[in-house]
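Below: one structure, written as structure tokens.
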There are 2 protein chains.
Amino acid sequence: MADPLDPDMFTGCPPHLAPIRVGDKWTAKIIRCLEPGPRRFTELQAPLRGITPKVLTESLRAMERDGLLTRTAYQEIPPRVEYELTDLGRSLIEPMNAGCEWSRKHLAELLQARETWYATTP
Amino acid sequence: MADPLDPDMFTGCPPHLAPIRVGDKWTAKIIRCLEPGPRRFTELQAPLRGITPKVLTESLRAMERDGLLTRTAYQEIPPRVEYELTDLGRSLIEPMNAGCEWSRKHLAELLQARETWYATTP
DNA sequence: CGGAATCCGATAAGATACTG
DNA sequence: CAGTATCTTATCGGATTCCG
């Protein structure tokens, strides 16, 4: 299997300041986590700092419903479930990269404008 | 000035089924409306079917705060206010187009998966 | 014309506790 | 391990009314 996911892979990506969003709050990050290969539920929880099992389940179910990933449950003890991107899910990486590139180029400018606004607007 | 905006320019773009979003619910559409040139408050209301003045104001203020557009009020009677994209706002068109292209290519597949899910999941 | 003020409902997201 | 169940809170978007 692949190496464990870096628990800090999303520090520096606070969702509230990104103007471009894919799916719900967690969708894009889940896609990034699954990009190298299939992962288990618990593996996903680590980098998605503070996500509760309820919310992670909701996001994964919605993505499964939309054909972005597959869920495979192995009948073992202890149970094992793996989530894997479909081709459709993988196709979202391209527009996601466009959004990331925009952020690298322009996010600082947006934040600067916001700073100035709050400093000068009563 | 430019031609009036087509009131139907966004029919066929229901926001709930698009997995890619820029800003809030209306941001991307406002950018499209301003792409050809500056527009007045009332001009924007027509294609943004059913948007209330409160919500349109909120979106425009947030975009102004983030440096995506400028607001210019002319001291005339009756009053006239024009909104115009900044270079920063215009820079979002590129990732927006990436999202639109994804939709053209893959949205039908997503909707098909969703259909199947609701047809087969109890 | 271009908003502001107020109120309201729906939904998203999280906290907490429990289970096959 | 991989969730489910229940509850609560926060935010968003909308309806309505009024104003300079």
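Letters A, B, ... mirror the listed sequences (proteins, then strands); counts begin at 1.
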- End-to-end bend of the helix from dC1(C)-dG20(D) to dG20(C)-dC1(D) (five-pair axes, 10° rounding)?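 The end-segment axes of the helix from dC1(C)-dG20(D) to dG20(C)-dC1(D) are tilted 50° relative to each other.
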Between [X] ([atom1]) and [N] ([atom2]), how many Å, whole number?
X	N	atom1	atom2	value
L60(A)	dC1(D)	CG	C1'	14 Å
Q75(B)	dG20(D)	CD	P	16 Å
R61(A)	dG3(D)	CZ	C1'	8 Å
K25(A)	dA10(D)	NZ	P	14 Å
Y83(B)	dC1(C)	OH	P	14 Å
D24(A)	dA10(C)	CG	P	21 Å
R71(A)	dG3(D)	CZ	P	4 Å
Q45(B)	dG14(D)	CD	C1'	13 Å

- Message: When you compare the side chain of T72(A) with that of E84(A), does any pair of heavy atoms fall below 4.5 Å?
- Response: no
- Would you mind reporting whether T70(B) and T86(B) have side-chain heavy atoms less than 4.5 Å apart?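 A side-chain contact under 4.5 Å exists here.
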- Query: Can you tell me if the side-chain N/O atoms of R40(B) get under 4.0 Å from OP1 or OP2 in dC1(C)?
  - Reply: no
- Within the pair T42(B) and dC1(C), is there a side-chain N or O less than 4.0 Å away from OP1 or OP2?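 False: T42(B) side-chain N/O out of range (4.0 Å or more) of dC1(C) OP1/OP2.
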Closest nucleotide among [options] to the [X] side chain:
X	options	answer
V81(A)	dA13(C), dC1(C), dG3(D)	dG3(D)
R80(A)	dT4(D), dA2(D), dG14(C)	dA2(D)
F41(B)	dG14(C), dA13(C), dG3(C)	dG3(C)
P53(A)	dG14(C), dG13(D), dG3(D)	dG3(D)
T52(B)	dG14(D), dA4(C), dG3(D)	dG14(D)

- Message: Using a distance-only criterion (donor-acceptor N/O pair, under 3.5 Å, no hydrogens), is the base of dG3(C) paired with the side chain of K54(B)?
- Response: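 Not at all, since no donor on one side and acceptor on the other fall under 3.5 Å apart.
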- Interatomic spacing from SG in C13(A) to CZ in R32(A) - rounded to 0.5 Å: 9.5 Å
- Query: What nucleic acid atoms does R21(B) come within less than 4.0 Å of, heavy atoms only: base, sugar-phosphate, or nothing?
  - Reply: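 Answer is sugar-phosphate: R21(B) comes under 4.0 Å of backbone atoms only.
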So with a 6.0 Å cut-off around [atom1] of [X], is the heavy-atom count from everything else above 12?
X	atom1	result
E94(B)	CD	no
E115(A)	CD	no
D8(A)	CG	yes

- Does a salt bridge link R61(B) with E58(B), judged by any charged N lying under 4.0 Å from a carboxylate O?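 No salt bridge links R61(B) with E58(B).
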